[in-house]
Every structure is written in structure tokens, then in C-alpha cells.
Number of protein chains: 2
Amino acid sequence: MSKKVRTIYDLAQLAGVSAATVSRALAGKDLVSAETAERIRKLAQAHGFRPSAVARNLRTRRRGAIGVVIPLGHERGQHISDPFFMTMIGCLADELTERGFDLLLSRVIPDREDWLEAMVDADRVDGLLIIGQSDQSAALDAVARRYLPMVAWGAFEQGQIHCSVGTDNFLGGRMAAQHLLDRGCRRIAFLGNPLPIEIRQRLDGARAAVAGAAGASLIEIPTHLTAELSAAEIAAFLDSADPRPDGIFAASDLIALNAIPLLASRGLSVPGDVRIVGYDDLPISRSILPPLTTIRQDIATGAAQLVDCLLKRIEGKQTGSVVLNPELIVRAST
Amino acid sequence: MSKKVRTIYDLAQLAGVSAATVSRALAGKDLVSAETAERIRKLAQAHGFRPSAVARNLRTRRRGAIGVVIPLGHERGQHISDPFFMTMIGCLADELTERGFDLLLSRVIPDREDWLEAMVDADRVDGLLIIGQSDQSAALDAVARRYLPMVAWGAFEQGQIHCSVGTDNFLGGRMAAQHLLDRGCRRIAFLGNPLPIEIRQRLDGARAAVAGAAGASLIEIPTHLTAELSAAEIAAFLDSADPRPDGIFAASDLIALNAIPLLASRGLSVPGDVRIVGYDDLPISRSILPPLTTIRQDIATGAAQLVDCLLKRIEGKQTGSVVLNPELIVRAST
DNA sequence: CCTCCAGATGCAATCGATTGTAAATTTATT
DNA sequence: AATAAATTTACAATCGATTGCATCTGGAGG
């Protein structure tokens, strides 16, 4: 074995052609004859040669990578354990690799205001995906004015400048509440922190449904931001509520998961005494007892739409925002 | 405002110096006078100029990015919803950005054998972190022979070639079982699929503890690979076991979370009738009812160690594998 | 047998920053 | 004042691939 083939020049020498020909052969251009191309490709394979992505990126002015910005949790943990994000990342990774892009992951650093500008100026990626805009809508709009290839996951609001892809949280909330009403519930409790816009929209949906049902009322219980820490608040509500609710709409499955054992420990059966609906359709929601009725967001479709929009924008086209429909999954908890 | 400053040449012209000086000033080298450097830096700031990372990478032969390989789940979902990975990614992102590296995320594509080779040859990253080696130890060893900057999270086995960082699963398993024994349990059930090496080591630890206790026995119940799907198997075991176990060691918190409602629905109280220990110390384990006793892996420390090892290796130094100690967190479930 | 054309290949500039070394400038020394 | 020493700055090569344009080759057509 001779010395390692590092560059297309090495390979060109081996093949007895010029570097340009090697480059074209490996890129699959039709300017080289089929047989030469084949020979070069075989040679590259044999020597385990892959052209340097960095050099290519410099020349072609394309980065071959998409930046994905996610509110990743650590000890201080906000969404730290929400499986939703993990699933989303997985789906995005699939979509992006399929289209030949790498995935550059970034943490949001909340204490710096120019995090988005910095990302854009660093120019290491062809586009940006923002997962979980929460309350950054204004920041996104500001950047969206001058930077096209950026799409955000989450709520759609009238008047926003940036492009977003997400499910219709209002509709989802209404479906959940309506389902409880259809099952005969009349005193419905909403568990969740309405500060993030997505949650507020779900609450709005629930309000709309309840307002349309005779004799029904909605009790709104703001829980802690972090689902895991909200158990105490839920317990306090359950012990003080009089009369007790006969239906619960939890703004996320994680909250429902916290609530169910609390109900059980108070001798309340699900769905006998209280019916409960979650949101997200986490995998675990299917296997707990009783299996949880929930509103499902199709994450795979969402990820595909995100990437579609982004690629269109990378090509310079404008795209509108996408609002997907959520789906009611009925299980034993109602 | 004149036309956009895109390159150091543009900036050099503005500043009335050469590109080389700009480059050095921005890089903070001491070859340029302090005042010139300051002037250039101000100018760069004013024009929102950042030197191209791609060009720099090409010249310096450094990539400024670390590849993180994770078994990301999608629909077929294996670890799809395990919050452990999300937390790990978050911690790694912190450690890496702090040290000036980007995080390039990759999905494992299980059907291709050369996934690791491809990653290495693509040469887009300075090093690789493998999270969740599961059964790929041999593949890792093969690559480790020729590729230094790679560290894997997970189990350490005698004789492995590659560098790994992880907690002592044997010790963790023994601690969990010993804790149950100390609480007076004598018929202990182990719930978990022992195929992944990490789980097998936990089982081995549990065996060792039980073997050392008079009159105690260990019942090994292999559950489904995916924690979420294992409920049926656990139920089947609970209904057939005679006598019923008085202690349960779940190989992960997720499994314990599945098991607890099953126990409750059979009229078995925790910890009155059955004590139960989990593994991982997920955030939700603290807030369920009863709060779960568990074995905690310190993910933050693990992530820091992973990055430390990797950076040493990028500098060409050898490093040994690191085995961290797990910690028993006692809560109300035992 | 010569010209022409199309297809295949090579030349050389280019992407944007880094850096060894040479040149220019300033400061120190006698 | 003249030279040596030290400090700044500029020149130009380099990283490795891409690509417009020029060149070469071989066969068709006249």
C-alpha cells in the first residue's frame, strides 16, 4: 500500500488524470466519460477516499449543514425531560440527512439577546430551524426581515413575519375539551401554564368549547412551568376544589402523568370519577394505566414540513406558514 | 453605508492595512500593535463582520466541530423517548460550546455497517462522541485502532480498545439490590432486557448482591427492549408469580414507571407490599407517587468527562477509560 | 486526405482565511 | 549620526476542491 490518498490530486495522479476530472467524476457530472468516471470511483472506493467537505464548502459557498436551535435543558432544566424534543430532533435528523445536510445543534443561551444574529452571521449553516419559539416571536421577526432561510416550529399568530410550522393548538384544545363534554363532563379543569403561547392557545380552544356547552364550566389551574414540579400545585387544587372536577384537560401528557397518581391516591378512579385528556401523545401515554386519551401532534409530518419550507427558502423562494391539524386519540382514560 | 464587508480584504481596505494584519488582529495575536488591533476590531464590530469559519477551517485543518452520534429514535423508536439522551445532549452542548466547538449531530443508521468509517472519513469534525454503544463495541474497537479522537459513553469492558466514559453499572445494580435486601426484601424481581451490555452489568451486580444474602432469590424478567412496550410482560409476570415478589429492581426508571400503576391496579401498595428501585433518576421519578428510589447517573459530570477525554485525544494524547460511581437516591418507593 | 464538430480532459483562477518570511518602520545603542 | 535591534506590517504561498474556458482527441462528412 502506497501512501495515503488525501486529496483529489493524489487520486488524480493514481488514475493518471487531472484533479479536475477526478472532481467531476466524483461529483457525477456527465462531462467525463462513463468508463473514466467508473474507474476513478472504484479507485476512490478502494482507497477510502472522500473529498474534503470543507474545501468544497468554501468553493461552492454552500455549507451543507442546517442549524437547529433547541431549548436544551441541563440542571436548571426547563424542557429538560420532554421527550417531544428528542423525537423532533430524531425526525429532523432523518429528513436532513436524507437531503444531504448535516445537523448543527445549538443551545439557546437565554441571557444573550443577539443569539440569533450571531448564528446568522457565523455563516456556518445554510439555514436555521428554531424549535420552541416560546416567547421569542419578536426576536424571530426581527431577524426574519433580513434573513430568509429560517423556519420556526410552534404557534402561528396573526401578523407574524417569520415562517412557522406547527399544529393548531386552538383546535387541539377545543377538541380535547369537546371530547370531555361529549363524555358528559361539566366541571372541567385545565392544568397548565398559559404563558408559552402554545399552551395559551390550547386554553383558548378549551374555553371556546366550554362556552358552547350548556351548564359547563372551565376551571383554570396554572401549574408550574416545569411539568415535573407541578405535582404539588395539582394536589393543592384537588384538595381544595369543591365540587371536584369531573374532567381534566392537561396541557401536556407529562402533566397528566403527574396528575393521575394524585387522583388515585385520593380514591378517585379514572375514568370513573374523573376523565382526563392529555396533549402530545407521548409513547409512555399508551402504556400507563389507564392508557391516556390525548391530542396527538404528528411530529414526523411536522419535521418534514419544517425541512421542506426551509429548503424552499434556501433556494430563495418565499413560503407561507403551515398549520397542521392535531388528532384526538381516544383511550381508556376518558 | 458602503457595500457590505464580506472578507478580511474588504475590512483591510477600510482599515488601510493588509489582510494579514486584519487576520492577526481578529485572532488576537500579539504581532500587531495594540492600537491597530483595537481599531480593526472596532471596525469589524461596526460592520458586523465575522471571518468565515469555513475558510479558516480549510487553512487550519481544524473543523471546530465535534460529531455526536446518538441512537435517535423516530417512529420505529427504540430509545425514542428516553429523557436520558436529551439531558446528555444538553450537557454536551454546554461543554462543547464553552470550549469553542460546534456540535454536529448524527443519527445512527443501523443498516449500514460502515457508519463509523463514513463519519471519520468525511472529515467534518475534529472528533467523535458515541452515546449509547449498546452492542457496537466491536465496531468501535475496529475504528479506535486507527482513529484516536473518539470517546464512547457507556459500559466499560475488560479488553476493549476504545476509550469509554460511563458509570459503573455493576456497582449500581449491586447497590440497588443491596438496598432492597437491606429493607428486608427476599424475593427480588429484576425487570429489564439484559441484551444491552449496560443492563446486563446491572443485572450482574444485582445477582452478586442477592447471592451474598441468606434466603434471598432473584427472579429475572426480561422485558421488551422498549420500556414503553413492556407493560404487558410485566403484567403477565405479576399475575403468574407465586409467591409474589416483595422487591422490584427496574433496570430503568421508565420501566419502573410502567410497573407502578400495574402494581396499584392489583391492589399492591408501594412500598408496603412491594418495594421498587429504578435506575437513572429521571426528573419525573421525583414527582410521581410515591417518589421513586433510584440509582442516579451524574450526566453532567459524565458529559464533562467525555469532552475532557476527547479534547486530550484531539491533541494526540492517549487517555484511559473513565468509570464513574453511581449514587443511590432513596425516596418513598422503598 | 482534410476540415469540422462534439465529447473528453486539462489548465488555472477561485473561494476566504492563515502564516512563514521578508520588508519597512521605529526605537535603542554607541 | 550611523548602525543594530526590535517591533509592525505586507507579500505570497497554502489549505483542497470546483469550474469556466482552452485544448486535445477521434470520428463523421466532404
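Lettering follows sequence order; numbering is per chain, from 1.
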Review point. Taking OP1 and OP2 of dC11(D), is either one under 4.0 Å from a side-chain nitrogen or oxygen of Ser18(B)?
Key: no
**Study point:** Ile131(A) side chain reached by Leu92(A) side chain, heavy atoms, under 4.5 Å
**Key:** yes
**Study point:** Nucleotide interval of DNA chain C bounded by contacts with chain A (heavy-atom cut-off, under 4.0 Å)
**Key:** dA8(C) to dG16(C)
Residue list, side-chain hydrogen bond (donor to acceptor under 3.5 Å, both in side chains) with [X], at least two apart or on another chain:
{"X": "Ser23(B)", "result": "none"}
{"X": "Arg63(B)", "result": "Asp123(B)"}
{"X": "Ser52(A)", "result": "none"}
{"X": "Glu315(A)", "result": "Lys317(A)"}

Point to revise | Nearest-nucleotide comparison on DNA chain D, the residue closer to the 5′ end among Ala34(B) and Pro51(A) | key: Ala34(B)
Salt bridge (charged side-chain N to carboxylate O under 4.0 Å, His left out) with [X]: which residues, sequence neighbours excluded?
{"X": "Asp298(A)", "result": "none"}
{"X": "Arg124(A)", "result": "Asp102(B)"}
{"X": "Arg41(A)", "result": "Glu38(A)"}
{"X": "Asp141(B)", "result": "none"}

**Study point:** side chain to side chain contact (heavy atoms under 4.5 Å, CB included) partners for Leu58(B), two or more places apart
**Key:** Val54(A), Ala55(A), Leu58(A)
Review point. Looking at five pairs on each end of the helix from dC1(C)-dG30(D) to dT30(C)-dA1(D), what is the angle between the two axes, given to 10 degrees?
Key: 50°
Review point. In whole Å, what is the span from the CG atom of Asp30(B) to the P atom of dT9(D)?
Key: 12 Å
Check your understanding: Rounding to a whole Å, what distance do you find between Leu11(B):CG and dA10(D):P?
Key -> 13 Å
Could you list all N or O pairs between the protein and nucleotides 19-23 of chain D that sit under 3.5 Å apart?
residue	atom	partner	partner atom	Å
dT19(D)	OP2	Lys29(A)	NZ	2.8
dG20(D)	O6	Arg24(A)	NH2	2.6

